[in-house]
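Note sheet for the following structure.
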Amino acid sequence: MTIPYLVLVPNFDLSTRNTLALKAQSRWGVLLDDADQVPALFELAKDRRLPLRVLGGGSNVVLSSDFDGITAIMATRGRRVISEDEDHVVLEAAAGDTWHDFVVWTVEQGFGGIENLAGIPGTVGAAPVQNIGAYGVEVADVFESLLAFDTLENSLRTFTARDCAFAYRDSVFKHEPGRYVVMSLRLRLPRPWQPNLRFAGLSELSELPEIAPSTVMDRVLYLRGSKLPDWRVTPNAGSFFQNPIVTLEEAAPVLAAFPTAPNFPQADGRTKLSAGWLIEQSGLKGFRMGRAGISERHALVVINLGEADAGDIASLAEHVKATVKARFGIVLHEEPVFL
Ligand code: EPU
């Protein structure tokens with residue numbers, strides 16, 4: 001067996017490797033461009049007694065300024081068609097592939113099913129971890145399986161959808177942080193393609209005489225561009241808070257005061273409120289605190305005003321949570337992971 005080649009870079013700068021552009025450094029850094037490097041790296045970290053964490057696109061993390069260990073960046077690439085028949089096509093992508101590039105590739109191949117998820121920052125490997133979703137579609141809807149390295153058992157494991165326990169912005173991987181490293185993802189896209197146009201902003205497309213996955217993708221990209229700040233221009237981590245799913249009793253004070261407040265009844269009898277709406281109604285849209293702020297374009301997005309660190313982001317997030325709790329009695333939960 002050949003031992004995979006690992007190059008550990010000292011004093012590894014992470015400020016360009018997180019979409020919030022937080023000032024952050026790791027004692028060591030390594031790019032993983034071959035799946036075989038993953039077990040070898042965990043072995044090495046164990047031998048040297050160094051903490052090890054794995055990042056994808058850095059679009060859902062709040063990085064602490066200094067990490068006294070190894071930060072590995074998942075950088076494997078590759079996508080392929082696994083099988084095709086009349087009813088489905090099964091596709092596979094490597095964990096380090098950029099999610100949006102993978103979506104564009106599927107659309108270019110004529111495979112519909114994930115076009116509503118275009119433009120989401122991050123990697124393929126991160127997509128199932130928080131079950132990314134937008135415009136009425138979640139990864140869970142088209143999930144076939146994934147391959148992950150189990151760092152506890154030191155072995156590869158295949159996960160079915162049931163194993164992943166997907167829910168709104170949730171999966172088993174969030175409950176055992178650090179245990180699994182996603183290596184590749186398989187999606188099963190149904191045939192013939194049925195556009196999902198239920199979401200506001202997409203329904204107008206049903207009037208068109210002809211529609212292709214690329215039509216939907218282009219509209220999604222337009223909608224995202226018109227609402228959400230681009231992290232390349234204004235560093236951010238997308239939605240910073242999850243939309244709270246609450247009981248009807250918890251929602252009652254909000255809905256009594258604001259009968260038209262956005263709310264989406266759930267199958268389990270609870271309802272999903274809009275965190276962006278709650279934050280805006282709390283007077284915090286565009287609010288600034290130190291080197292961090294709430295976007296003026298979308299109240300769910302925390303932005304780095306320049307030179308912010310994790311402390312600035314955490315203080316702002318606490319202020320937002322306390323203000324919304326005091327105003328509406330609703331508890332918000334952060335979406336990104338503090339590392
Ligand atoms: N709203 C406000 N003020 C704001 C922003 C939104 O009142 O500043 C209201 C809107 O008017 C609307 C409601 O909130 O009635 C929902 O807003 P939007 O359609 O923008 O969607 P969202 O619930 O805020 C979710 C996802 C997004 C995804 C969009 C579109 C979460 C936490 N966020 O946002 O995902 O793009 O739906 O499907 O579920 C992400 O996770 O990073 C992300 C951007």
Side-chain angles (χ1 to χ4, degrees), residues 18-20 56-62 99-100 103 114-123 126-141 166-171 174 196-203 216-217 219-232 234-246 251 254-255 257-266 271-287 293-303 313 317 320-321 323-324 327-328 330-337:
N18 72 101
T19 62
L20 264 166
S59 60
N60 201 46
V61 287
V62 179
W99 173 261
H100 174 68
V103 174
I114 52 173
E115 57 283 346
N116 296 43
L117 301 179
I120 297 181
T123 56
V129 174
Q130 62 152 333
N131 184 20
I132 58 168
Y135 300 98
V137 176
E138 290 181 343
V139 154
D141 301 336
F166 290 122
Y168 167 66
R169 292 296 196 273
D170 198 26
S171 75
K174 282 180 85 165
N196 183 330
L197 305 176
R198 287 189 290 274
F199 207 88
L202 296 182
S203 46
V216 182
M217 181 172 80
R219 174 59 74 100
V220 164
L221 291 174
Y222 165 76
L223 289 173
R224 291 186 71 91
S226 63
K227 280 191 192 180
L228 297 164
D230 184 343
W231 61 270
R232 295 170 198 84
T234 310
N236 72 79
S239 299
F240 200 87
F241 299 97
Q242 295 178 9
N243 287 329
I245 299 177
V246 297
V254 180
L255 298 176
F258 298 93
T260 58
N263 75 102
F264 309 92
Q266 303 293 293
T271 192
K272 194 201 265 181
L273 297 174
S274 158
W277 184 91
L278 293 166
I279 295 168
E280 181 167 348
Q281 292 299 318
S282 301
L284 292 173
K285 197 169 185 172
F287 176 76
I294 299 293
S295 168
E296 284 167 5
R297 299 181 62 191
H298 199 297
L300 208 43
V301 181
V302 166
I303 56 175
I313 303 293
V320 170
K321 287 165 73 174
T323 309
V324 169
R327 174 95 170 86
F328 293 108
I330 302 287
V331 177
L332 295 182
H333 296 284
E334 286 94 347
E335 194 167 282
V337 181

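Read the numbers this way: they start at 1 and go in the same order the structure lists the ligands and their atoms. The structure displayed is predicted, hence computed values, not measured ones.
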Distance flag for atom 10 (C) of ligand 1, protein heavy atom under 4.0 Å: no

Charged tip of K321 within 45° of F241 ring normal and under 6.0 Å: no

Top protein contact for atom 37 (O) of ligand 1, by heavy-atom distance: F199 CZ, 4.5 Å

Under 3.5 Å donor-acceptor, N263 side chain and A261 backbone: yes

Over all atoms of both residues, closest heavy-atom pair of I303 and P229: CG2-CG, 4.5 Å

E280 contact mode with ligand 1 (heavy-atom cut-off under 4.0 Å): side chain

Verify atom 23 (O) of ligand 1: protein non-hydrogen atom under 4.0 angstrom away: yes

Atoms of ligand 1, numbered as shown, that sit under 4.0 Å from any heavy atom of P262: 15 (O)

Beyond-backbone contact of F287 with S282, side-chain heavy atoms, under 4.5 angstrom: no

Charged N-O contact under 4.0 Å between R169 and E138: no

Polar atom proximity, S274 to ligand 1 (N or O, under 3.5 Å): yes

Nearest atoms (heavy-atom pairs only) where A134 meets I120: CB-CD1, 4.1 Å

Contact partition for K285 relative to ligand 1, non-hydrogen atoms under 4.0 Å: side chain

Backbone N/O of Y168 and side chain of N131: donor-acceptor pair under 3.5 Å: no

Protein contact of atom 28 (C) of ligand 1 - nearest heavy atom, named by residue and atom, plus distance: A134 CB, 4.0 Å

Residue portion contacting ligand 1 (non-hydrogen atoms closer than 4.0 Å) for S239: both

Side chain, backbone, both or neither: the part of I132 lying under 4.0 Å from ligand 1 by heavy atom: neither

Shortest protein contact, atom 17 (O) of ligand 1 (heavy atom only): H298 NE2, 4.2 Å

Closest approach of any protein heavy atom to atom 31 (C) of ligand 1, naming residue and atom: R169 NH2, 3.2 Å

Nearest-contact summary for atom 36 (O) of ligand 1 - protein heavy atom, Å: R224 NH1, 3.5 Å

Working for side chain to side chain contact (heavy atoms under 4.5 Å, CB included), residues T323 and V320: CA-CA 5 Å; T323 309; V320 170; 5.9 Å; no

Atom 25 (C) of ligand 1: the protein heavy-atom neighbour that sits closest, reported with distance to 0.1 Å: N243 ND2, 4.2 Å

Polar contact flag, side-chain donor to acceptor under 3.5 angstrom, N243-S274: no

Heteroatom proximity flag, Q242 to ligand 1, N/O under 3.5 Å: no

Ligand-side contact atoms (ligand 1) for residue partner G238, heavy atom cut-off under 4.0 Å: 42 (O)

Minimum heavy-atom distance P244-I330, with the two atoms named: CG-CG2, 3.7 Å

Note: E296-K285 ion pair, threshold 4.0 Å (strictly below): no

Distance from atom 34 (O) of ligand 1 to nearest protein heavy atom, with residue and atom: L300 CD2, 4.1 Å

Mutual orientation of the aromatic rings belonging to F199 and Y135 [parallel < 30°, tilted 30-60°, perpendicular > 60°]: perpendicular

Subset of ligand 1 atoms that lie under 4.0 Å from at least one heavy atom of Y168: 31 (C), 32 (C), 39 (O)

Ligand 1 atoms in contact with L228 (distance to a heavy atom under 4.0 Å): 44 (C)

Sub-4.0 Å atoms of ligand 1 with respect to non-hydrogen atoms of F241: 32 (C)

F258 atom CZ, over 12 foreign heavy atoms within 6.0 Å: yes

N or O pair under 3.5 Å between A299 and ligand 1: yes

Residue, atom name and distance, where the atom is the protein heavy atom closest to atom 19 (O) of ligand 1: K227 NZ, 3.1 Å

